[in-house]
Amino acid sequence: MIYLNRNLSHLLLSLALVILSVSLFEPVLSWIQVLVFCAFVMRISLYLGIQKHSPSIRTLNLLALLSGLVLAYFSWQLGVLLGMVNLLVMACSLKLMQLRNQRDYYQLVASVLFLISCGFIFEQSIIYSLIFGLCTVLTLLSLLAHFSPTIPFTRLNKRLLIMTLQAIPIGILLFFGMPKLAPFWQMPTSQSAETGLSDTLTPGDIANLSQSTELAFRVTFDDQIPPVQERYWRALVMENFDGKSWTISRQRNQLKRNNFVRNDEFRPRLSGPFYRYEVLASASNQRWLFAMDIAVPDDQRSDGAIWQSYDYQLMSKKPLISNFKYRVKSFPQEDLNFTDYAFDRQINRSIPTNGNLRTRDWARNLRKMAGSDRAYIEALLDHFRTGNYRYTLKPELMPVDQIDTFLFDKQAGFCAHYASAMAFALRVVGIPARVVAGYQGGEMRENDYLSVYQYDAHAWIEAWVDESGWQRFDPTAAVAPDRISLGLQAAVEDEGSFLDNRTFSLAKLKSVAWINAVRLGLADLDYFWSRWVLGFNTEAQKDLFKTLLGNLSTGRLAALSLGTFAAIGLLLAIFYLPNWHPRKVHPADKIYNDAQKILSSYKIHRAHWQGPLEFAQKVQSFCNDKAGQAFTRLSKLYIASQYKKSDGNHELAKKQIRMMRSELRKLKTALNNPG
Amino acid sequence: MGKLRQIYNRFLDKRIPVARQFQLNHKSIFIFPSKFGWLYLVLCLGIFILGTNYQNNLMLLLCFFLVSLFLLNLFVAYLNFAKISVQLGKTHNEFVGERAQLPLWFNLPKNSTQGPHGLVELGFLRQSAQLQHDLDSNQNPVKIAFVCEERGPIKLPRVTLSSFYPMGLFRCWTHLAFESNILAYPKPVPCSVQLTSQQQSLEPESTQSQESGFDDFDSLKNYRPGEPLYHVAWKQFAKGQGMYSKQFSSSVSVSGWLNLIPCSADVLEVKLGQLCHQVNELTRRGQHFGLDLGHHKIEPDSGPLHQQRCLEALARFSWSAS
């Protein structure tokens, strides 16, 4: 329709798009970012009048064709989800360049809004939610500006603010009241989105993780909080060693699959003291969960969502595409001897036929000298403790015979090195041993909740020595006791390598009191956010309904949904009923109209062309003197009230109204008693 | 189709009767999601599915926020539209085929925040919108043009006002029937002026005279007191032939008549158009003339008011009235 260059709404929309694409810097390819930025600059120059015309359709089509080809080429590596998001951003930027008519604009608005919602697939933290919220606001402002182009910008803001404040309670009611549905179908996830531990442990991997301040999971304990030395959060058990890295054993996986098909879940009978807690795991797109040994699901809902396997691991039945909350009971004093020894021993004693020869000899000698398996383990730990070993986040590369190099040449490594070396040394002499990957420690926040970050990732070993079953040994604790009791930062304090890849990180500045307070405050906020906003799932909704309704009978649920709609209706009524009759009649108008009505009942009508004075003359000629005079005075007062500005003199205005009322009364009496 | 249209028209006539001024209210306002509104709803559904599939609460929150915004828009759009009060201003008669301007006056409250906002599209029912008017621009009146197609009193088609305020999600519209007293004069058909000296003479004499200049000498008449002295024929007076005054053609009020000859209906419009042209032409020359339409006669006169009377008579003319 009208195509204005100086179009605020287009500018606002471009701003929303550019902020959005910058905030999605990880999923969106950089050349597409450049494209968006070009479109933005173009819009600005059109707005400022530097440029008069947008590029021709032919140019744009050519550009679209080229970009499409390049994107198609890249999309092989990107996968479905990232490919789609990139395509959408690209299409938006081209549309922004084209933006000519009403239809282009509508399409672009819809695409930007959809893109904002896609942003939540990648980022769900408070900061990003605020950024995406800002983009939404800009888009809506753009819409407002589009449909009322001459209203000042401040008034647009005010209008949007009012509407937003009204929409939020309704939206929240809908959010809580609408039944939450299970996923309709499986959506593609991006490979790069998998975070946290991986199912292969090559020494050095965890060192990478230790550079990440991302949250792995949070724990809320019911009553007892375990001491920090006991906080070993098992995630993965790795039983296959190929000389270089530890992986999940193929036989174990096979067994898990078979068990799952046969519905043979690991269900140990546990007794003794226990910890009860709730874990809120961040989205990782993986299936393993985190718990302390020996863990079993604590309630029915967790039980339904979790699969327990014979390696004491808890697995979610679905990948964690969003935050996942579950309740666990841990029995720390139980022995891990509920599983089939023969199977466990069979897969946990194999070592590659060659490589790491020095270690093999050394281990066999040590075993001979020790006499018993237990004494051998003690000797090993002692070796780590007293030997010239160093705990470091910057281990040197050990390409060949890694364990030999580590044990005898470098003697400096990270938890994965120690675990790997010790498990290997045990397997050499025939003791079943395996590596467990997980997290250790975590940061307790005033007895409320425990936050475990990616940099708390850890690896330790388990060995089956006697009938007490799998026993945990942590060689890292022998080398760097601080790592266990004080955390990673204390352990590498001398080295200064804690999070040294990150120039700016609040976690680095834990020693500065106020910064730490800010960091912990943010953590509190984040805890609240992930627990109540991100973690509000079907079960939480059911719980909420239960507390509201007592039981979940169909009738009550129906009543609840009706109640939700009633509440929304009520809110709307509160918002809009007062405005329903927005035209307030001025009291002077009302009195004059009343007088006219009374006169009409005496068949004296005012023609639409008659002014008040002319009408007063007519009234005087038709009525008795008293009534005529009263009405003339009334008319004069009415004219004064309408055309003489009282200049904020409320007293005068009120006096006028009072006088008009008295004249109206006089008119009535005069008309009722003629003569 | 035509039947449906009739039913719809009757429904409209009942719901929004003809008036000179309209304050829009629940009776006169129609509201329905616009195309963009439907697109927006589809978008919300898309976000809902995405949010459910990813079990992502933030997406769901965004979706519900957008849905509730949609709901609020319904009210905001309606209340804004209901603030509009519009009346038809002074209109002028036009010739058939010309565009009559309809000035529409929107109410402008003293405090501009209280009035209606946003763009309003104006047009006629079953026609595309003619123009966009910005209610915040404080401009009055807004003129929309209407092509007069038939001679006689014009029944205006309904004026359609529509607004997409505030976010284009809903279209509010109304079809207003304005009471108008616009007359469409017959379309002038160029022809020569044919004045007859008598009324209703069947064979009009061609009186092509009196077209000559303003001060052409015409004849002499007995002088009557009050006539300007410079018109006195002093030559004759000096000869002692008595006091005469000169008569000039322009000041001679030759009262001719314009006649309508009875004819068949298909020629009637052309005849009326010719008369219309002649009325205009004679008025332009400032001549006296009368109009004889058989049953309706207008005495000879001149000037714009006379022209208007004649044109109105021509506009309203029909044989049945005779």
Side-chain angles (χ1 to χ4, degrees), chain A residues 1-2 102 106-107 109-110 113-114 116-118 120-121 124 129 132-133 136 140 143-144 146-151 155 159 163-164 166-175 178 180-187 189 321-323 533-538 568 572 575-576 579-580 582-583 608, chain B residues 20-21 23 34-36 39-40 42-44 46-76 78-80 82-83 85 109 112-114 117-119 121 129 132 134-138 163-169:
Chain A
M1 225 166 259
I2 32 170
Q102 211 83 321
Y106 291 150
Q107 287 169 353
V109 167
L113 284 176
F114 191 73
I116 291 171
S117 85
C118 287
F120 286 122
I121 300 175
Q124 296 180 36
S129 304
F132 294 150
T136 314
L140 296 177
L143 266 180
L144 274 180
H146 191 259
F147 287 99
S148 32
T150 46
I151 296 186
R155 286 241 306 279
R159 179 143 318 122
M163 283 174 79
T164 308
Q166 289 172 339
I168 283 173
I170 299 176
I172 288 176
L173 266 176
L174 279 172
F175 177 68
M178 284 283 279
K180 295 186 80 78
L181 306 175
F184 300 120
W185 62 81
Q186 179 73 43
M187 293 298 275
T189 52
I321 49 171
S322 59
N323 287 9
V533 181
L534 305 182
F536 184 78
N537 50 16
T538 322
I568 290 170
L572 286 174
F575 295 152
Y576 290 112
N579 301 359
W580 213 256
R583 287 165 302 281
H608 73 269
Chain B
R20 187 134 198 120
Q21 182 178 8
Q23 169 69 55
S34 62
K35 264 187 208 158
F36 176 59
L39 177 67
Y40 181 92
V42 169
L43 170 82
C44 288
I47 297 179
F48 180 76
I49 291 173
L50 205 65
T52 307
N53 278 350
Y54 280 106
Q55 293 287 294
N56 191 318
N57 283 341
L58 294 175
M59 281 189 208
L60 290 177
L61 268 173
L62 179 68
C63 166
F64 291 136
F65 172 72
L66 292 179
V67 168
S68 43
L69 211 59
F70 185 78
L71 210 59
L72 291 177
N73 260 274
L74 173 70
F75 290 87
V76 175
Y78 174 83
L79 285 175
N80 181 64
K83 281 182 193 162
S85 142
S112 63
T113 49
Q114 283 167 2
H117 300 287
L119 296 173
E121 285 177 4
Q132 259 188 338
D134 191 344
L135 289 172
D136 299 293
S137 65
N138 288 359
S163 159
F164 291 94
Y165 181 89
M167 286 185 185
L169 300 177

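Sequence lines set the chain letters: A, B, ... in the order given, protein chains first and strands last, and positions in each chain run from 1. Values reported hereafter were calculated over all heavy atoms of this structure, with side chains retained and with hydrogens, waters and symmetry mates removed. Bear in mind the structure is a predicted one, so any value in this text is a computation, not a measurement.
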Give the minimum heavy-atom separation between [X] and [Y], together with the two atoms involved.
{"X": "Gly118(B)", "Y": "Ser148(A)", "value": "CA-CB, 3.7 Å"}
{"X": "His146(A)", "Y": "Leu119(B)", "value": "O-CD1, 4.1 Å"}
{"X": "Leu39(B)", "Y": "Ala110(A)", "value": "CD2-CB, 3.8 Å"}
{"X": "Pro149(A)", "Y": "Asp134(B)", "value": "CG-OD2, 3.7 Å"}

Would a 4.5 Å heavy-atom cut-off, applied to side chains only, mark [X] and [Y] as touching?
{"X": "Phe36(B)", "Y": "Leu143(A)", "answer": "yes"}
{"X": "Asn57(B)", "Y": "Phe175(A)", "answer": "yes"}
{"X": "Leu60(B)", "Y": "Lys180(A)", "answer": "yes"}
{"X": "Leu50(B)", "Y": "Phe120(A)", "answer": "no"}

Revision key, fill the gap. Answer key: most heavy-atom pairs under 4.5 Å with chain B among Ile170(A), Leu174(A), Thr164(A) is Leu174(A)

Which value, rounded to the nearest 0.5 Å, describes the distance between [X] atom [atom1] and [Y] atom [atom2]?
{"X": "Leu58(B)", "Y": "Ile121(A)", "atom1": "CG", "atom2": "CD1", "value": "11.5 Å"}
{"X": "Leu79(B)", "Y": "Tyr576(A)", "atom1": "CG", "atom2": "OH", "value": "7.5 Å"}
{"X": "Thr52(B)", "Y": "Leu181(A)", "atom1": "OG1", "atom2": "CG", "value": "5.5 Å"}
{"X": "Arg155(A)", "Y": "His117(B)", "atom1": "CZ", "atom2": "NE2", "value": "5.5 Å"}
{"X": "Gln166(A)", "Y": "Phe75(B)", "atom1": "CD", "atom2": "CZ", "value": "10.5 Å"}

Distance-only criterion, 3.5 Å: show the donor-acceptor pairs between side-chain atoms of residues 62-73 of chain B and protein atoms not counting sequence neighbours.
from, atom 1, to, atom 2, distance (Å)
Ser68(B), OG, Ala167(A), O, 3.1
Ser68(B), OG, Phe64(B), O, 2.9
Ser68(B), OG, Phe65(B), O, 2.9
Asn73(B), ND2, Leu69(B), O, 2.9

So which part of [X] gets closer than 4.5 Å to some heavy atom of chain B, the side chain, the backbone, both or neither?
{"X": "Phe132(A)", "value": "neither"}
{"X": "Leu173(A)", "value": "neither"}
{"X": "Ser117(A)", "value": "both"}
{"X": "Thr136(A)", "value": "side chain"}
{"X": "Leu572(A)", "value": "side chain"}

Point to revise | Residues which pass ring-ring contact (aromatic ring centres under 6.0 Å, His included) with Phe147(A), listed by chain and number, not counting sequence neighbours | key: none

Check your understanding: Contact part of Tyr40(B) toward chain A, heavy-atom cut-off under 4.5 Å: side chain, backbone, both or neither?
Key -> side chain

